[in-house]
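Read the structure below first, then the notes.
For the numbers below, each heavy atom of this structure counts, side chains included, while hydrogens, waters and symmetry mates do not. We name chains A, B, ... by the order of the sequence lines, and we start the count at 1 in each one.
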2 protein chains.
Amino acid sequence: MAQRFAITLTQLSYFVECAKTLNMTAASQELHIAQSAVSTAINQLEKSLGAPLFVRQHSKGLVLTPAGEELLQQARQIFGLITDTVESIQAGQKEVRGTITLACFKTLAPFLLPQLLGRLQEKYPELTVDVIEGDHEEAMGALRSGRAEIALNYDLTETDGIHSEVVGEVRPHVIVHTDHPLARRRKVALVELADDPFVLLDLPDSREYFLNILRAAAITPRVKYRSAGYETVRSMVAMGLGFSILNQRPRISQTYTGARTAILEISDPAPSLHVAISTLARGAQTGKARAVTATVKEILAEAAQP
Amino acid sequence: MAQRFAITLTQLSYFVECAKTLNMTAASQELHIAQSAVSTAINQLEKSLGAPLFVRQHSKGLVLTPAGEELLQQARQIFGLITDTVESIQAGQKEVRGTITLACFKTLAPFLLPQLLGRLQEKYPELTVDVIEGDHEEAMGALRSGRAEIALNYDLTETDGIHSEVVGEVRPHVIVHTDHPLARRRKVALVELADDPFVLLDLPDSREYFLNILRAAAITPRVKYRSAGYETVRSMVAMGLGFSILNQRPRISQTYTGARTAILEISDPAPSLHVAISTLARGAQTGKARAVTATVKEILAEAAQP
DNA sequence: CAACGGCATCACTTCAACAGATGGACCTGC
DNA sequence: GCAGGTCCATCTGTTGAAGTGATGCCGTTG
């Protein structure tokens with residue numbers, strides 16, 4: 001088809017080399033192509049522009065015409081602009097500055113974000129982090145739609161087009177009222193709670209996960225209350241309305257406020273949740289994204305160590 | 001071979017169209033190419049830059065990434081610069097302004113240049129004319145070397161690579177002292193001057209021409225004096241040192257000063273000289289060159305009319 | 001005048017761009 | 001929930017542009 005633009009960057013670069021050497025043969029060697037290729041390229045360029053660029057001096061090389069002078073000057077600017085653009089974009093992918101938008105699973109946010117944002121601020125003062133909180137679908141939607149560059153959540157579903165990396169493991173724990181008979185125990189078997197009413201954290205993806213843990217222990221849960229709010233569930237347990245199972249970060253949980261609840265390990269082989277960082281699979285990761293990923297890993301590693 | 005520049009203007013133009021429509025299919029139709037071509041072009045561009053430009057929304061088109069935003073902005077500038085450059089050069093070929101360098105055969109200059117420069121100044125106030133005077137070889141050399149864009153001389157030799165156009169005819173005339181027996185005549189046969197001493201205008205190309213005129217009339221010229229200067233030859237004739245043959249513009253000659261010489265037509269079938277305007281054959285002519293050519297023709301046409 | 005330098009041109013080759021078809025992922029409406 | 005539609009990616013085959021190497025022409029130089 002007809003070229004949208006008359007000239008080619010290749011032609012222009014050949015022209016610049018010719019203008020430098022004033023000798024097509026020398027230029028062709030410099031460019032590592034045949035002399036004939038340079039000749040045809042320059043001729044085409046002249047034809048496209050409708051102006052001669054060089055005066056050919058037989059066996060004495062080339063002389064720039066006024067049109068050639070003008071083109072040379074402009075060509076330098078054009079290449080400058082293009083290389084600046086390319087380099088700026090490539091650098092933008094590497095540099096850790098500017099803004100990154102992070103999507104975060106709602107219940108993960110309070111345990112992770114305060115430390116994460118603090119640490120990032122400290123390490124990368126020029127980086128601004130925007131946060132989108134939401135449920136799993138919302139977080140992944142933000143990622144897919146480009147509203148967020150990186151997403152932090154549990155790896156509940158494996159979707160394609162998205163690259164996920166597990167950065168931490170979160171084991172489920174039982175939460176009971178401090179007056180509960182088992183509250184003093186460090187570890188319980190789920191069957192010991194078989195008769196207690198269950199308070200369910202009722203979020204799109206978590207729902208099945210928690211119920212499955214109980215079912216795996218051959219318990220038919222008496223779901224007395226349910227809520228989509230993490231804090232609400234804890235309050236209900238604190239009020240003595242039942243026990244619950246939550247995914248709680250061991251270290252962080254201790255500092256997370258709230259009295260009147262005890263956290264117990266589960267002796268059953270309950271499946272852990274994996275905290276995953278997701279980005280779009282297409283293309284290399286941004287420097288910003290890598291910085292966030294690294295910092296999250298750092299924090300989780302520190303939390304895992306005593 | 002490896003592309004000197006990672007990206008292509010074609011790719012960039014496809015990208016811009018995609019960024020406008022946010023839909024590769026629509027862009028491909030707008031560009032009149034297959035959708036697959038757009039897809040691969042964008043993918044290559046992303047690969048070259050090492051950055052994703054669009055987030056693909058299945059069945060909902062595209063969303064620009066930050067890198068894409070930046071590229072779009074820069075691409076507009078790049079295309080602006082390129083089209084400005086191309087247009088400026090193309091316009092520069094057409095516009096009659098700036099400077100043109102004109103090479104002129106030395107003996108033609110005093111008859112033609114004063115009128116020509118005056119007329120050009122009047123018609124094209126923004127045009128500056130630089131003049132290089134010299135013999136035929138010097139004028140053509142200036143043309144070939146690019147020092148002059150246009151050359152004005154007699155079409156003595158037909159050289160290739162140079163486009164020449166005959167714009168006027170100059171018949172040779174006899175010049176004699178006003179006291180010469182034939183001075184009153186309007187027309188003479190050369191044989192009538194066979195015994196007079198001849199004053200030769202001795203320039204590289206004119207020499208043979210004048211002598212040939214005499215030889216054609218079966219006269220063996222008695223070359224008493226010779227000079228490379230037109231004025232010198234006239235002075236010699238005015239001093240009565242002999243007769244001469246010169247190419248003289250009929251109309252202009254009358255106003256060209258100097259007494260004591262008479263100008264006679266030659267009844268023999270002596271070959272005229274043709275005034276030719278030459279430019280390099282390569283490429284189209286500049287607007288400036290066309291303006292000069294036209295003005296020269298204009299002046300010569302007026303001179304030919306009574 | 002012969003050797004050389006330098007650009008243009010020719011015939012041939014190669015590779016990137018393109019067309020057209022297909023498939024997968026997702027959205028939408030019934 | 002399923003059928004149809006949208007949109008992008010990918011595959012295969014084709015075509016044209018860019019490149020190669022040889023040759024010729026012109027002009028310079030010693």
Side-chain angles (χ1 to χ4, degrees), chain A residues 1-4 6-15 18 21-29 31-48 52-63 137 140-141 144-145 157-162 280-283, chain B residues 1-4 6-15 18 21-29 31-48 52-63 137 140-141 143-146 157-162 280-283:
Chain A
M1 61 158 294
Q3 278 287 72
R4 208 144 306 275
I7 69 173
T8 296
L9 289 183
T10 306
Q11 286 171 6
L12 209 54
S13 67
Y14 291 2
F15 164 75
C18 285
T21 60
L22 292 178
N23 180 328
M24 286 195 197
T25 308
S28 71
Q29 286 163 0
L31 295 163
H32 302 108
I33 59 173
Q35 172 267 324
S36 61
V38 177
S39 176
T40 52
I42 298 296
N43 282 319
Q44 285 176 357
L45 192 56
E46 286 178 325
K47 196 175 163 194
S48 302
L53 300 172
F54 294 108
V55 179
R56 275 73 164 173
Q57 310 280 50
H58 297 274
S59 77
K60 289 213 290 188
L62 307 168
V63 175
E137 284 314 314
M140 293 319 249
R144 281 178 200 282
S145 71
T157 53
E158 195 66 37
T159 332
D160 113 346
I162 288 183
L280 289 178
R282 162 174 305 268
Chain B
M1 61 157 296
Q3 277 288 72
R4 209 143 305 276
I7 68 174
T8 296
L9 289 183
T10 307
Q11 286 171 4
L12 210 54
S13 67
Y14 291 1
F15 165 74
C18 285
T21 60
L22 291 179
N23 179 329
M24 285 194 196
T25 308
S28 72
Q29 287 162 1
L31 295 164
H32 302 110
I33 58 174
Q35 172 265 324
S36 61
V38 177
S39 176
T40 51
I42 298 295
N43 281 318
Q44 285 176 358
L45 193 54
E46 287 178 325
K47 197 175 162 193
S48 302
L53 299 172
F54 294 108
V55 178
R56 276 75 164 172
Q57 310 280 52
H58 297 274
S59 77
K60 289 212 292 188
L62 307 168
V63 175
E137 284 314 313
M140 293 319 246
L143 195 60
R144 283 178 199 282
S145 70
T157 52
E158 194 67 35
T159 332
D160 120 336
I162 289 183
L280 289 180
R282 162 173 305 269

If you pin Gln44(A) and Met24(B) to their nearest nucleotides in DNA chain D, which one's is more 5'?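 Its nearest nucleotide lies further toward 5', so the answer is Met24(B).
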
Assuming nearest nucleotide by heavy-atom distance, tell me which of Thr40(A) and Arg144(B) is located more 5' along DNA chain D.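 Whichever sits nearer the 5' end wins; that is Thr40(A).
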
Expressed in angstrom and rounded to an integer, what is the separation of [X] atom [atom1] from [N] atom [atom2]?
X	N	atom1	atom2	answer
Leu280(A)	dA9(D)	CG	C1'	16 Å
Leu31(A)	dC7(C)	CG	C1'	16 Å
Ile33(A)	dG21(D)	CD1	P	12 Å
Asn43(B)	dC11(D)	CG	P	12 Å
His58(B)	dA25(C)	NE2	C1'	5 Å
Glu46(B)	dA9(D)	CD	C1'	12 Å
Gln57(B)	dT28(C)	CD	P	12 Å
Lys47(B)	dA9(D)	NZ	P	15 Å

According to a strict under-4.0 Å criterion, is [X] in side-chain N/O contact with OP1 or OP2 of [N]?
X	N	value
Arg56(B)	dA9(D)	yes
Thr10(A)	dA18(D)	no
Asn23(A)	dC7(C)	yes

Is Val55(A) close to Leu280(B) at the side-chain level, that is, under 4.5 Å between some pair of heavy atoms?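 Result yes, sub-4.5 Å side-chain heavy-atom pair found.
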
Where the side chain of Ser36(B) is concerned, which of dC18(C), dG20(C), dA8(C) is the nearest nucleotide?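 Nucleotide nearest to Ser36(B)'s side chain: dG20(C).
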
If you only use heavy atoms from C-beta on, which nucleotide in dC26(D), dT29(D), dC7(C) is closest to the side chain of Lys60(A)?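 Out of dC26(D), dT29(D), dC7(C), the nucleotide with an atom closest to Lys60(A)'s side chain is dT29(D).
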
Check every strand shown and say whether Gln35(A) touches a base, only sugar-phosphate, or nothing at a heavy-atom separation below 4.0 Å.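 Base contact - Gln35(A) has a heavy atom under 4.0 Å of at least one base atom.
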
Students often get this wrong, so: under 4.0 angstrom with heavy atoms, is Gln11(A) touching a base, only sugar-phosphate, or nothing?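 The answer is nothing, as Gln11(A) stays clear of every strand by at least 4.0 Å.
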
Chi angles and distances behind the side chain to side chain contact (heavy atoms under 4.5 Å, CB included) call for Arg56(B), Arg144(A): CA-CA 8 Å; Arg56(B) 276 75 164 172; Arg144(A) 281 178 200 282; over 6 Å; no

Is a donor on one side and an acceptor on the other found under 3.5 Å between the side chain of Thr40(A) and the backbone of Ser36(A)?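 Yes, the answer is positive, given that a donor and an acceptor are paired below the 3.5 Å cut-off.
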
Has the side chain of Thr21(A) got a donor or acceptor atom that lies under 3.5 Å from a matching backbone atom of Asn23(A)?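 The answer is yes, because a donor-acceptor pair under 3.5 Å joins these two groups.
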
Interatomic distance, Leu45(A) atom CG to Gln11(A) atom CD [nearest 0.5 angstrom]: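 Here the interatomic distance stands at 5.0 Å.
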
